[in-house]
Amino acid sequence: MTSSIFSDLNDKQREAVFSPDGPVLVLAGAGSGKTRVIAYRIGYLLKEKNVSPYSILAVTFTNKASTEMKERVLKLLGKDRMPFLWIGTFHSICARILREDIEKLNLKINRHFTIFDKEDSKSVIKKILKDEKLGENSFGISEISDYFSLIKRGAARSFPSNISSLYSLYEKSLVEQNALDFDDLLLFTVKLLREVESIRVKYQQRFQHILVDEYQDTNDVQEELLTILAEKWKNLFLVGDEDQSIYGFRGSKVRHIVEFPEKYSNAKIIRLEKNYRSFDTILSSASALVSHNKERLGKTLWTDKKGGEKIKFFSGESDRDEANFVADEVLKLSSTYPHNKIAILMRTNSQSRGLEETFLNKGIPYQIVGGIKFYERKEVKDIISYLRLAINPYDRISLLRVINTPPRGIGKTTIEAIEKVSLEKNITLYEAIVAGVNKNLFSQKSSQSLKDFMKLIKDLQFEVTSSKPSEATANLIEKIGYINHLESQSDLKKESRVENIKELVSAIKEFEVREGGNLEMFLERQSLSSDQDELDEEAADSVKVMTIHSAKGLEFPVVFIVGLEDGFFPHEKSKMKAEEVEEERRLLYVGMTRAMERLYFTNSKTRYIYGNVVIRDPSPFLSEIPFKNIEEIKIANEKADFLKLNYTFEKHESNDNFLRPGIRVYHKNYGVGIVLSSEGSGESLKVTVSFSKFGRKKLLAKMANLEVM
DNA sequence: TTCTATAGCGAGAAA
DNA sequence: CGCTATAGAA
């Protein structure tokens, strides 16, 4: 019935790929070939069902995944029919729709809108707090920003009324700046489709087939978008795995998967349970772990790859000890596994610092993936802000960022004067600058600087349309003397900052050569780029260091999961809610299932946190993994006993009675507290202290330098 | 206006 | 411990 290109699929995969029209839900376990299933489904639709590429929409989770998907389909089909196929992330698809039609919403936002990232959004909020003189607000800026995101996702239960008044100011500010934040991209697209019939009909007609990867990480707004788009044809092909849902904090809901069959009564459901990635030891350990979750549909993954090595577990005395073990093990492995086959996965970005130091010391090349992204670096963002400004002159955040960077004599006083004029006359900052200069509202010196700055931006605006973006950017950097500016700083990182600036110009150049894109397209790509887009797979032979979130969808022959401690797995901030603990468990599951051949677990008994040594207990999740699958690694005369460590935890009466319960003590960072209990003795004496300002802490007496008061 | 020193605060994950 | 906001000097 079908051509041979589909012959390398298993029965279940074929069933999915060849499904008749209508809603299809593919419950695809880790490593079960789901990306391939989507690619082949597209191939099948195009080749066997003669569906036009113009009628297909495929949604992936990252840009990297969409590039890979395009390549796979390309291999199946050849080049000529590709240009019409829409493949992208939710955000990039929405941006594309909005760039075409947002003006139909009559919101005073035009198609040249800027996409604000989290940092930009926070700058807007900071500005509002300052203008409204709400500096003493009891909420942090991040907290407010998160509230706003909740509101936009329709998920804010209740929030303080003083915040709700800020929200409308925030919204107003974005509109005035012709800017959208990440949530707006989704929200405005839904709004556009809902409210403007002609556009809704246009896309509903067009997208006869919609395919979605990583469906378990879809939030309510994305779900609604899919519902609207698929309304006419109802050909939704969704692929997901509830056990890998790890973006609850971004609003994703496992519920969407569970409720899909109720929503579409004729939905076809297919399970892909054969895992092609990992050895059985790894797979069954991961399955055992996740089986402790209540909120799941349940799957039974299996593999042909029987056996395999046990998971190696190392427990260090300190975080440095842990990092040394990882580094030494990487070196030992290097005869069998090149560095780029190895990934170090962490719960939080801050854990990378210690690893970096150790790798640097031992001369192990590494690449940090994610964390502070290339485009989020201060110096890169400075230049990006100039470029944004050239495209969208209403973008105040960018204007304020660059108006005196590098310093050109436009200080705080002048900027405040400009803002005052802008506010009073209800005009843009530019108009305010012009008006102020004309009316001699600023000092002679400031006036001249402002005139020069205005000319600089005008020239740039012209240049980005008349010459190549990379050339315009290089010219700009030259003109403002940005390299000199960086080099004149007493900054330890100045060399890498200069490098980053050069890399930015190269990135723009590459974009214009490879994709023929203009500056506006580059900026959009840039603002929607994801962690994984920075992953440099083959180029450098380097160990990849990243969070588990960033590792989603990837696989590596060797995986180290570090910091398996209570407080990281589950994270301190998730411990209180059962559903969040389940998500933490899924997170570890995702981490484990990235491993193909070898898996390492490491943790440490003590760790520096804010520069203080803190005692750490092993992750409770460790005890949910079959003991027979774990091999404990001891080094030299270490006597860390896995069983004792995880299941009993010995308690001793204290013989160091100067720190006995009830004693008042002083700690240099935590202040005054009262000793509640102690365990161990001598070198390993640990005391639990209740600090009046910081709550209960367990400290290693040797390191804590407690003073008895 | 700009530069520098330091106090004070803080890091959960990310398009 | 590391970053950043801010105060104070130049």
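Everything numeric in this text was worked out from a predicted model, so none of it was measured. Numbered from 1 within each chain, the chains take letters A, B, ... in sequence-line order.
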Can you figure out which of [options] approaches the side chain of [X] most closely?
X: Arg347(A); options: dT1(B), dA15(B), dG12(B); value: dG12(B)
X: Thr348(A); options: dA13(B), dA15(B), dC3(B); value: dA13(B)
X: Thr414(A); options: dT1(B), dA15(B), dG10(B); value: dT1(B)
X: Phe182(A); options: dG10(B), dA15(B), dA14(B); value: dA15(B)
X: Asn404(A); options: dT2(B), dA13(B), dA15(B); value: dT2(B)

Ile128(A) vs Tyr170(A), test: side chain to side chain contact (heavy atoms under 4.5 Å, CB included). Steps then yes/no. CA-CA 7 Å; Ile128(A) 292 170; Tyr170(A) 172 76; 4.0 Å; yes
Rounded distance (Å) that lies between atom [atom2] of [N] and atom [atom1] of [X]:
X: Gln244(A); N: dA13(B); atom1: CD; atom2: C1'; result: 16 Å
X: Asn612(A); N: dG8(B); atom1: CG; atom2: P; result: 17 Å
X: Asp117(A); N: dA15(B); atom1: CG; atom2: P; result: 11 Å
X: Arg250(A); N: dA15(B); atom1: CZ; atom2: P; result: 6 Å
X: Lys573(A); N: dA14(B); atom1: NZ; atom2: P; result: 14 Å
X: Ile609(A); N: dG10(B); atom1: CD1; atom2: P; result: 16 Å
X: Gln222(A); N: dA15(B); atom1: CD; atom2: C1'; result: 9 Å
X: Asp146(A); N: dA15(B); atom1: CG; atom2: P; result: 15 Å

Go through the side-chain N and O atoms of Arg96(A) and Ser92(A) and say whether any donor and acceptor fall under 3.5 Å apart. no
Under 4.0 Å: is that the gap between some side-chain N or O of [X] and OP1 or OP2 of [N]?
X: Asn349(A); N: dA13(B); value: yes
X: Ser550(A); N: dA14(B); value: yes
X: Lys373(A); N: dA15(B); value: yes

When the P atoms of dA13(B) and dT4(C) are considered, how many whole Å apart are they? 15 Å
So [X], base contact, sugar-phosphate only, or nothing? Heavy-atom distance under 4.0 Å.
X: Asp531(A); result: sugar-phosphate
X: Ser527(A); result: nothing
X: Tyr247(A); result: sugar-phosphate

Reading DNA chain B from 5' onward, which residue's closest nucleotide shows up sooner: Ser530(A) or Ile415(A)? Ile415(A)
Using heavy-atom distances to pick each residue's nearest nucleotide on DNA chain B, tell me which of Gln489(A) and Asp183(A) is more 5'. Gln489(A)
Intra- and inter-strand pairs of DNA chain B in dot-bracket (Watson-Crick or G-U wobble, both distances under 3.5 Å; | for another strand): ||||||||||.....
dG12(B) base to Glu584(A) side chain: any donor-acceptor pair below 3.5 Å? yes
Under-3.5 Å donor-acceptor pair between Thr547(A) side chain and dG12(B) base: no
How are the rings of Phe522(A) and Phe511(A) set relative to one another: parallel (under 30°), tilted (30 to 60°) or perpendicular (over 60°)? perpendicular
Angle class for the His91(A)/Phe182(A) ring planes (parallel below 30°, perpendicular above 60°, tilted otherwise)? perpendicular
Side chain to side chain donor-acceptor pair (under 3.5 Å) against Glu534(A), all qualifying residues, sequence neighbours excluded: none
How would you list, by chain and number, every residue that makes a salt bridge (Lys or Arg N to Asp or Glu O under 4.0 Å) with Arg296(A), sequence neighbours excluded? Asp243(A)
For Phe249(A) and dA13(B), is the gap between ring centres under 5.5 Å while the planes differ by less than 30°? yes
Between the protein and nucleotides 3-9 of chain C, list the N/O to N/O atom pairs that are separated by less than 3.5 angstrom.
unit_1: dC3(C); atom_1: OP1; unit_2: Lys493(A); atom_2: NZ; d: 3.4
unit_1: dA5(C); atom_1: OP1; unit_2: Lys126(A); atom_2: NZ; d: 3.3

Does Glu495(A) CD have over 12 foreign heavy atoms under 6.0 Å away? no
Donor-acceptor contacts, no H, no angles, side chain residues 480-489 of chain A, under 3.5 Å, sequence neighbours left out:
unit_1: Tyr482(A); atom_1: OH; unit_2: Asp382(A); atom_2: OD2; d: 2.6
unit_1: Ser488(A); atom_1: OG; unit_2: Asn484(A); atom_2: O; d: 3.4
unit_1: Ser488(A); atom_1: OG; unit_2: His485(A); atom_2: O; d: 2.8

Please confirm whether the backbone N or O of Ile246(A) pairs with a side-chain atom of Arg586(A), one donor and one acceptor, at under 3.5 Å? no
Which atom pairs, donor and acceptor, lie under 3.5 Å between side-chain atoms of residues 570-581 of chain A and protein residues at least two apart or in another chain?
unit_1: His571(A); atom_1: ND1; unit_2: Lys573(A); atom_2: N; d: 3.0
unit_1: Ser574(A); atom_1: OG; unit_2: Glu584(A); atom_2: OE2; d: 3.1
unit_1: Lys575(A); atom_1: NZ; unit_2: Asp566(A); atom_2: OD1; d: 3.4

What I'd like to find out is whether the side chain of Leu450(A) reaches to under 4.5 Å of the side chain of Thr414(A), using heavy atoms alone. yes
